[in-house]
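Start at 1 and go down the list; that is how both ligands and their atoms are numbered.
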Amino acid sequence: MERTAIYPGSFDPVTNGHLDIIERGLTLFDKIIVTILENPTKKSLFTINERISLLEESLKDIGNIEIASYGGLLVDYAVKRDAQAILRGMRAVSDFEYEFQMALMNRKLNREVQTVFLMTGLRWIFTSSSIIKEAVQFGGDIESMVPAVVYEELKKKYKLS
Ligand code: PNS
């Protein structure tokens, strides 16, 4: 049986930390569906189509990946795609409470879908899309933390080049 995981997130934008989790996830799953979903607590910088393009470009050399977006509940999308698991990255202890709450809510909504956490590589432990956006808009050097295409698009968004 093919093992499929949904890797959900806002991906606003994708970072090297996300790519690290995807690469680790591919050692466990045959296929990963990287899925952009709405996080109602966040206001996005990039449109869904822009985020899809950035993911496509950033993941073009990685196989067994599909990029998708969905406008509803994560667990419903997992069922729709016959995925056995939801894959999430864990950075520091500070991620734990939110991830724990989300995983338990998803389990309550559907007991068949398991959440699998992978620890991010140490070099990405402090990165997040939000903190990267904050740093870059004030001229911070974040080039090594995101794929090249994302770096270029961030500079354009904040009119830095
Ligand atoms: O990258 P993020 O913002 O931490 O990802 C959060 C996301 C998009 C995975 C989460 O908000 C989500 O699953 N949204 C879809 C709606 C849903 O299913 N919510 C119930 C889970 S608590």
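Side-chain atoms of Thr41 and Asn39 form a donor-acceptor pair, as typed in the model, at a separation below 3.5 Å.
Of the residues Val75, Val34, Asn106, Ile86, the one that meets the side chain to side chain contact (heavy atoms under 4.5 Å, CB included) test with Pro8 is Ile86.
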Show every donor-acceptor pair shorter than 3.5 Å between a side-chain atom in residues 133-141 and any protein atom, with sequence neighbours excluded, or say none if there are none.
unit_1	atom_1	unit_2	atom_2	d
Lys133	NZ	Asp12	O	2.8
Lys133	NZ	Asp12	OD2	2.9
Gln137	NE2	Lys133	O	3.3
Asp141	OD1	Glu143	N	3.1

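Around ligand 1 you find Pro8, Gly9, Ser10, Leu37, Glu38, Asn39, Lys42, Gly72, Leu73, Leu74, Arg88, Tyr98, Met102, Met105, Asn106, each with a heavy-atom distance below 4.0 Å.
Here Thr127 pairs with Trp124, Ile132, Met145 under the side chain to side chain contact (heavy atoms under 4.5 Å, CB included) rule; sequence neighbours left out. Every ring-ring contact (aromatic ring centres under 6.0 Å, His included) that Phe100 has, sequence neighbours left out, goes to Phe96.
The pair Glu2-Lys31 does not count as a salt bridge, with every side-chain nitrogen at least 4.0 angstrom from each carboxylate oxygen.
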